[in-house]
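A short write-up of the structure that comes next.
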Amino acid sequence: APPKQVNIAVIGTGGVGSVFISQLSWIAKNTASTHFSLCYIAMIDKALYHEDYSEIDIDTAVEAMEKSGKTPPSIPTIVDYLAAAPHKVITVDNTSSRAIAESYPEFLRKGISIVTPNKKAFSGSYQLWQDIFSAAESGGSLVYHESSVGAGMPIISTMKDFVHTGDEVTKIEGVFSGTMSYLFNAFAPLNGEGSKWSDSVKKAKELGFTEPDPRDDLNGLDVARKLTILGRLAGLPIESPDSFPVQSLIPTELESAKSGDDFLQKLPEFDSRMEEHKTAAMKVGKVVRYVGSIDMASKQVKVGMEWFDPTDPIATLKGSDNIISFHTKRYGSMPLIIRGQGAGGDVTAMGVSGDLLKVLVQL
Ligand code: NHO
């Protein structure tokens, strides 16, 4: 049989998007069974596409887009353009745009599949969550978002396997934020002094672990979004990421800082507050870490700082590692534990590329 033809649209070419493009190039050169052609690529203020859907060379796409001088069309125009493409279409959303996330139902209803690390859609209102999956059903399209929790780690796929094979999830807990993991491991290490809180935050941003605005990590919202997604997959109709208790690490005085950069500049003035949490835990032989949990029986979701014994797997994490324990009926008293790097362009893009391959074989 001739290879399947699929059109691909990529929106967002930042930290994750640019790595995704290079992985896409590798896949194109090393996977023979499917021929896909890039027909649309865009960032916030630039876009490249041709009215006749002619193929855009992947290796030079970003450069060509930057030189193109075209601004991206409105979202409805993008949807119409892609819906009229000669082949089935997969849109890869590598932005953190709420507007794009909220328009997934329009894409999906018109048969355009979605692959994305963007958490906004799946942790938005419960209504949007329902709309996304019913639109996919009516449009015969697919929607994959592995990297919305734990970057490239198999968290969403494992969660779906529990649900679709009749296991019952009773509790999920762990460290869900690469940024928080990095910050606490650097500032309150098991051995040694540890660095200043504000210095660790700056470093985490430089390393590409944080969300585009680091306050989205420090206010706990990133973890809350991930728990919302997992809780919904497990069957809890969680209304929104602010419908359960979430401890913010943003000093109230800096909540209204104008920009992420302004916030980072003023943060050192508040280092002593985080230092107090660290010393209080140390006095009783524990370390402080930032964790989240979902208890299915009581329907309780919570996110915040807790103290751990130095031997606890959560206390011994390294770098930006995530650790997630799934307690289920099948796994009994020994949870299934998944641990690994949970943030950064390379591993996040891998989750996106892996999803793309899964969608490609099903179209
Ligand atoms: P950037 O680098 O800001 O890039 C965003 C791109 O989108 C830019 O090219 C921008 O021009 C474009 N863009 C924005 N709005 C647009 C619009 N309306 N139209 C067209 N283009 C638009 O952001 P990242 O870092 O590349 O992130 C991209 C997406 O991946 C975000 O949704 C982010 O939440 C998601 N993501 C990133 C990471 C990561 O490590 N960087 C992770 C997961 C998902 O697993 C990671 C994670 O959870 C990180 C988290 N902070 C943690 O655990 O600490």
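Every number for a ligand or one of its atoms is a count from 1 in the order of the listing. Nothing here was measured: the structure is a model prediction, and the numbers come from that model.
The pair K266-E269 does not meet the salt-bridge criterion, since no charged nitrogen lies less than 4.0 angstrom from a carboxylate oxygen. Salt bridge annotation for K205-E211: absent, with no cationic side-chain nitrogen under 4.0 angstrom from a carboxylate oxygen. Salt-bridge annotation for K171 and E173: present, with a side-chain N of the basic residue lying under 4.0 Å from a carboxylate O of the acidic one.
If you look at ligand 1, the protein residues with a non-hydrogen atom under 4.0 Å away are I11, G12, T13, G14, G15, V16, M43, I44, N94, T95, S96, S97, I100, P117, N118, K119, S147, A151, S177, G178, T179, G208, F209, T210, E211, P212, D217, D222, K226, G342, A343, G344, T348.
For residues 240-251, the pairs satisfying side chain to side chain donor-acceptor pair (under 3.5 Å) are S240-D242, with sequence neighbours left out.
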- [ ] Check step by step if ring pair (Phe, Tyr, Trp, His ring centres under 6.0 Å) holds for Y53 and Y40.
- [x] CA-CA 8 Å; Y53 302 91; Y40 181 90; over 10 Å; no

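Defined by atom type and a distance below 3.5 Å, a donor-acceptor pair is missing between the side-chain atoms of T71 and D45.
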